[in-house]
There are 2 protein chains.
Amino acid sequence: MTIWITGANGFIGRYLTRELAQRGSAVHGLGHGALDEPERRRLGMGHWLNGEVDSTNLGALAVHTGLPTVLFHLAGGSSVGASIAQPYEDFSRTVATSARLLEWLRTSAPECHLVVVSSAAVYGAGSAERMTESAATNPVSPYGQHKLMIEQLCRSYATTFGLQSTIVRLFSVYGANLRKQLLWDLCTRLSEGAGVLKLGGTGQEQRDWTDVRDVARLLACIGDKGQDQPVGVINGGSGVATSVADIAISIVSSWGGKIPIEFSGVTRPGDPFSLVADTGVLNALSFEWQIAVRAGISDYVAWFKEQIR
Amino acid sequence: MTIWITGANGFIGRYLTRELAQRGSAVHGLGHGALDEPERRRLGMGHWLNGEVDSTNLGALAVHTGLPTVLFHLAGGSSVGASIAQPYEDFSRTVATSARLLEWLRTSAPECHLVVVSSAAVYGAGSAERMTESAATNPVSPYGQHKLMIEQLCRSYATTFGLQSTIVRLFSVYGANLRKQLLWDLCTRLSEGAGVLKLGGTGQEQRDWTDVRDVARLLACIGDKGQDQPVGVINGGSGVATSVADIAISIVSSWGGKIPIEFSGVTRPGDPFSLVADTGVLNALSFEWQIAVRAGISDYVAWFKEQIR
């Protein structure tokens with residue numbers, strides 16, 4: 001089995017590469033970011049092609065590795081904030097990249113099982129209910145809109161050309177090596193000796209936090225299963241709701257000490273109140289989440305402290 | 001008032017240019033296709049920039065004409081069949097072009113009223129009912145999917161950046177100078193002395209046929225109205241259903257002679273059974289369609305015969 005990962009050098013991509021390589025698959029990657037030889041070997045990645053996901057590079061990778069059996073498509077924008085600051089850049093990374101990939105698969109590797117990483121951001125403003133895969137999609141940020149557009153492209157290629165794909169909508173993925181977002185921000189401030197943690201929002205925002213190690217196992221499991229319908233959509237969330245306030249408390253508690261936490265009450269643009277997965281579809285895969293939020297956060301804090309020693 | 005038209009050198013673009021110029025507006029164009037000087041003057045187009053719709057060319061046009069007050073965005077793929085043969089090319093022309101345009105407007109001309117030409121193809125498989133603008137969108141061709149994606153981009157730029165736009169979903173536009181599709185095909189075969197006209201489909205497919213001269217007036221009218229909501233969506237159809245069989249009969253009758261017409265009964269991929277506009281939203285504009293299908297087709301046949309003399 002030959003596996004390709006676009007964006008293999010990103011936060012989730014590196015975990016997925018290692019997970020798949022440990023299972024004995026030949027894993028090759030394509031995307032942005034330099035990867036030195038020792039690191040490539042440590043991850044268990046065969047070939048790494050540092051470049052744009054386009055037909056030239058996809059074709060070049062195939063010369064080295066043969067055509068992929070399964071392709072995990074992780075390349076794309078990865079930040080709501082960046083997508084608001086530079087929407088065209090996010091469009092280009094997410095949508096245009098996916099359009100080139102789908103076209104290459106159509107013409108060069110139509111039998112490949114494509115697993116596309118999308119986001120719960122496609123649901124938009126969220127809901128007090130857990131989101132089912134068939135819930136209305138109404139993204140509130142360019143990031144979410146562009147993820148929805150790549151889902152649409154997958155449907156288009158399935159309807160017209162029979163190209164099958166599985167779309168996995170990830171929720172709030174965290175873990176060691178994630179150097180942005182809430183956990184990184186809180187740890188950074190704690191490391192700088194903050195006397196109080198002031199946060200935006202109300203703290204009651206509910207999210208479905210998933211440890212990246214579990215997410216890598218989930219994606220590997222989905223890649224194994226194959227695909228029996230033109231386009232499958234799966235929520236890659238645990239169904240467990242944890243508020244931002246509880247996350248902050250966990251961080252402070254893992255860090256040690258008693259730092260007070262305050263919330264501004266002002267909601268950030270593009271930031272839905274609640275985004276938690278309904279897990280009905282995922283349950284059919286008999287996949288089990290193994291890392292509870294508290295344990296995962298404790299590991300994150302330990303990693304962070306290791307970094308700054 | 002400074003008006004820009006992307007795709008101004010296309011089938012609808014040329015009619016729209018002339019319509020707006022005759023109303024006294026300064027009209028400038030950007031897009032593909034050579035346009036010689038006499039023809040540019042005949043259309044009443046000020047500047048014509050023959051090139052890609054990108055920030056460089058948009059900026060260059062602004063140096064000559066100042067920023068646009070209204071921009072009609074007509075550039076993009078224009079054929080269901082071509083979008084199936086070359087889906088990435090259609091994506092690139094339609095979606096990527098629109099993404100670049102929206103980004104340029106956001107950064108350089110956020111006050112401009114954007115009128116985007118979309119298509120009834122976004123509705124997909126169609127329905128025996130007339131389509132309302134709020135009907136479900138479920139395109140069955142890459143062409144329709146890509147048009148839907150540009151509508152989504154408009155929504156994204158409206159939601160996040162307050163960029164206002166009006167989306168006009170055109171139905172089956174025909175008229176002199178359209179050198180493809182059903183009318184062109186039928187006239188071509190008649191001119192070659194066909195003894196019988198054999199057509200795909202059942203002949204009972206219902207379409208909302210609109211003469212391009214009416215469509216140009218409609219777009220001009222929509223440009224005049226301005227925009228009072230973030231994204232307005234208007235069906236640019238007449239609400240009159242005419243079957244493909246009736247169109248073929250009209251063509252033969254206008255041509256003269258008694259050629260029998262036969263249908264294969266086999267539906268083409270991406271070809272919905274019925275696509276006719278509900279005109280509730282359009283009625284509020286007090287726009288009136290002036291050219292009945294029979295008269296429009298008669299004019300088309302006259303134009304065609306003129307071409308081949």
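Just so it is clear: chains get the letters A, B, ... in the order the sequence lines come, proteins before strands, and each one is counted from 1. This one's a predicted model, so the numbers in the text were calculated from it and none came from an experiment.
Closest heavy-atom contact between B:Pro142 and A:Ser156: CA-OG, 3.6 Å. Scanning both residues, A:Arg106 and B:Ile84, for their nearest heavy atoms gives NH1-O, 4.4 Å. Shown here for A:Thr160 and B:Ser141, the closest heavy-atom pair between the two residues is OG1-CA, 4.2 Å.
With respect to chain B, the highest number of heavy-atom pairs below 4.5 Å among A:Thr159, A:Leu153, A:Leu102 belongs to A:Leu153. With chain A as the partner, the residue from B:Ser92, B:Ser83, B:Gly144, B:Pro87 showing the most heavy-atom pairs under 4.5 Å is B:Pro87. In terms of heavy-atom pairs under 4.5 Å with chain B, the best-connected choice from A:Glu103, A:Arg100, A:Gln86 is A:Glu103.
Atom-to-atom distance recorded for A:Tyr157:OH and B:Gln145:CD is 11.0 Å, nearest 0.5 angstrom.
Dense packing is recorded around CD of B:Gln229, with more than 12 heavy atoms of other residues, nucleotides or ligands lying under 6.0 Å away.
Using a 4.5 Å heavy-atom cutoff, the side chains of A:Tyr88 and B:Thr107 are not in contact.
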